[in-house]
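Position 1 is the first residue of the sequence; numbering continues from there. Keep in mind that this is a model prediction, so the values were computed, not measured.
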Amino acid sequence: MLDLLIPLAMTGAFGAFIGTLYRLSRRPGYRRPLLFTLVGLIAGIIGFVIYRLLVATTGAPLWLLPLLVILQVWLWLGPFGPAARAAGPDSPRR
């Protein structure tokens, strides 16, 4: 059981860290700064689940796990994030 929980916790913490770094790279004054950390945590957990499924089916290498987490945090907070939905299709995004 610990063989599964420790990597899951570490991956979630890594995702939260990446989400926080993404928050620091954005302009200040965002209304919900905790959103970045929570989305990073969820992206880390989902990235771990995807990685475990890939290991079970294809034997994916270990270096793929951090790339999955970073890619998900970037997608969820970047192009598919809340700022893109709030801005709408016609307004320019800053």
Where is the tightest heavy-atom contact between P7 and F48, given as atom of each residue plus distance?
-> CB-CE1, 3.7 Å
Nearest-0.5 Å distance, OG1 of residue T37 to CD1 of residue I18 | 11.5 Å
Any side-chain heavy-atom pair of F36 and L77 under 4.5 Å | yes
Give every residue pair that meets the side chain to side chain donor-acceptor pair (under 3.5 Å) criterion with at least one member in residues 1-12, sequence neighbours excluded.
-> none
Just wondering, do F14 and L41 contact through their side chains at under 4.5 Å, heavy atoms?
-> no
CG/L34 to CG/L38 distance, rounded to the nearest 0.5 angstrom?
-> 4.0 Å
Listing, residues 53-70 side-chain donor-acceptor contacts under 3.5 Å, not counting sequence neighbours, or none:
unit_1 : atom_1 : unit_2 : atom_2 : d
T57    : OG1    : L53    : O      : 2.9
T57    : OG1    : L54    : O      : 3.4
T58    : OG1    : L54    : O      : 2.8

Under a 4.5 Å side-chain heavy-atom rule over Ile, Leu, Val, Met, Phe, Trp and Tyr, are L71 and V39 clustered together?
-> yes
Connected via hydrophobic side-chain network under 4.5 Å: L4 and I45 | yes
Worked verdict on Q72 versus I42 for side chain to side chain contact (heavy atoms under 4.5 Å, CB included) = CA-CA 9 Å; Q72 282 192 6; I42 293 169; over 6 Å; no
Scan residues 39-55 for pairs that pass side chain to side chain donor-acceptor pair (under 3.5 Å), counting only residues two or more places apart or in two chains.
-> none
Same hydrophobic cluster for L75 and L35, using side-chain heavy-atom links shorter than 4.5 Å among ILVMFWY?
-> yes
Which pair of non-hydrogen atoms, one from V73 and one from G15, has the smallest distance, and what is that distance?
-> CG2-O, 4.1 Å
When you look at I46 and W76, which way does the side chain to side chain contact (heavy atoms under 4.5 Å, CB included) test go after all the steps?
-> CA-CA 12 Å; I46 298 297; W76 291 358; 3.9 Å; yes
